[in-house]
Amino acid sequence: MKILVVEDYAALSAAGAEILESTVREKPNCVLGLATGETPIGLYDILVKKYAEGLDFSKVQTVNLDEYYPLEPTNEQSYRAFMNMHLFDKININKDNTNVPDGLAADVDKFCGEYEALIDSLGGIDVQLLGIGRNGHIGFNEPADELYPYTHLTALKEDTIQANSRFFENEADVPRSAITMGMASIFKAKRIVILASGAGKANAVKTLATGRITTACPATLLHLHPDVTLICDKAAYGNN
Ligand code: F6R
C-alpha cells in the first residue's frame, strides 16, 4: 500500500482528483467506482471544475459502493441523491451509465447478484474510490468476525448510525441497513484509492498503517490488493 500524507483536506482532494482525472483522460470509457460521505466532496468539486475546463465524462461509467436500505433514491439523504447533487448533475455523464445500488430493491438477494454481475459485465472497475469509517469500515463492510465477499445487505453498526446521523434530522431517521459491495467486489478494481481526512480517522489510519490484517478493521484487508494508494491528511495520519 502506498501511503501519501498531504498537508490538509484541500491537498487530499487535489491528489485524489488527479488520479481520477488522469484515468478519465487515459481511458475515456473507464469505469470509476465511487463513494459518498463527506470525504470525497472536495474531490468531486474539483472534477466538476475539470469538466468546466473540458474534461469529458460522456463515455465514463460509474458504480457506487453502497446505498441505504430501505430508502427511495429521491430521498435527499440517499446516496443516489448525493451523487447526483455533488457530481452527476454537474458533469456531462450519461446518467444511464451511473449505477448506485437500489435502496428499494424488492428482492434484495436477487438485486445483489445482479449488481455483482453488472460490475463484471463492465469489465471491472478501473479505479475504486473509498473513504474509511472511524471504525475502519469500507463501503458498509463493518468490523465483524466474518466479512462478506460480494454485494449484500448488511446491518449498520451503532457507531456508524451515530456518525451518519449528522446528515439526517433525527438519528431515528437513519436507515438501519444498507446494500454494499463486499470485499471481493471492491478487490475486483484494478486500482484502489482510499481517502482519510481529519483526526476522527486517526485511529482507523493507525490500525491500517500497522500493515497487519484484521476483520476488526475491514480496511486492513486492502493490504492484500496489489495497487492501493492511501491518501491522508496530517490530521488523519496522526503520530504514525
Ligand atoms: C460511503 C461509504 C462509507 C464512507 C465512510 C466515511 O459510500 O462507503 O464507507 O466512505 O463512512 O465517511 P465520511 O467520508 O463521511 O467520513
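Just so you know, these numbers come straight off a predicted model, no measurement behind them. As the structure lists them, so they are numbered: ligands from 1, and atoms in each ligand from 1.
If you check which protein heavy atom lies closest to atom 2 (C) of ligand 1, you get D66 OD2, 3.3 Å. Among protein heavy atoms, the minimum distance from atom 15 (O) of ligand 1 is reached at E38 N, 2.8 Å. Ranking the protein heavy atoms by distance from atom 6 (C) of ligand 1 puts I132 O, 3.4 Å first. At the shortest separation from atom 1 (C) of ligand 1 among protein heavy atoms lies T36 OG1, 3.2 Å. The closest protein non-hydrogen atom to atom 5 (C) of ligand 1 is H137 NE2, 3.4 Å.
The shortest N or O to N or O distance between R166 and ligand 1 is under 3.5 Å. Note: an N/O pair closer than 3.5 Å links G139 and ligand 1 by distance alone. For ligand 1, the polar-atom distance check finds no N/O of N164 at less than 3.5 Å from any of the ligand's N/O atoms.
Contact between K201 and ligand 1 is present, with at least one heavy atom of the residue lying under 4.0 Å from the ligand.
Taking CZ of R191 as the reference point, atom CG of D126 lies at 11.0 Å (rounded to 0.5 Å). Taken from CD in E21 to CG in L43, the straight-line distance is 10.5 Å, to the nearest 0.5 Å. In this structure, Y69 OH and F140 CZ are separated by 15.5 Å, a value rounded to the nearest 0.5 Å.
Within ligand 1, the atoms closer than 4.0 Å to a non-hydrogen atom of L65 are 8 (O), numbered from 1 in the order shown. Per-residue contacts place T39 under 4.0 angstrom from the following atoms of ligand 1 (heavy atoms of the residue considered): 13 (P), 14 (O), 16 (O). Per-residue contacts place G37 under 4.0 angstrom from the following atoms of ligand 1 (heavy atoms of the residue considered): 14 (O), 15 (O). The contact set between ligand 1 and G131, taken as ligand atoms under 4.0 Å from a residue heavy atom, comprises 10 (O).
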Intermediate values then yes/no, salt bridge (Lys or Arg N to Asp or Glu O under 4.0 Å), D159 and R134:
CA-CA 8 Å; D159 41 1; R134 287 162 184 254; over 6 Å; no
Taking it one step at a time, do T98 and R80 satisfy side-chain contact (heavy atoms from CB on, under 4.5 Å)?
CA-CA 9 Å; T98 67; R80 161 53 77 182; 3.1 Å; yes
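Only one option out of V100, I41, L34 pairs with F82 in a side chain to side chain contact (heavy atoms under 4.5 Å, CB included); it is I41. In summary, of the residues considered (K157, E142, E158), a side-chain hydrogen bond (donor to acceptor under 3.5 Å, both in side chains) with N135 occurs for E142 alone.
Checked against the 6.0 Å centroid criterion, the rings of F167 and Y68 do not qualify as a close aromatic pair.
Between E116 and K188, at least one side-chain nitrogen of the basic residue sits less than 4.0 Å from a carboxylate oxygen of the acidic one, meeting the salt-bridge criterion.
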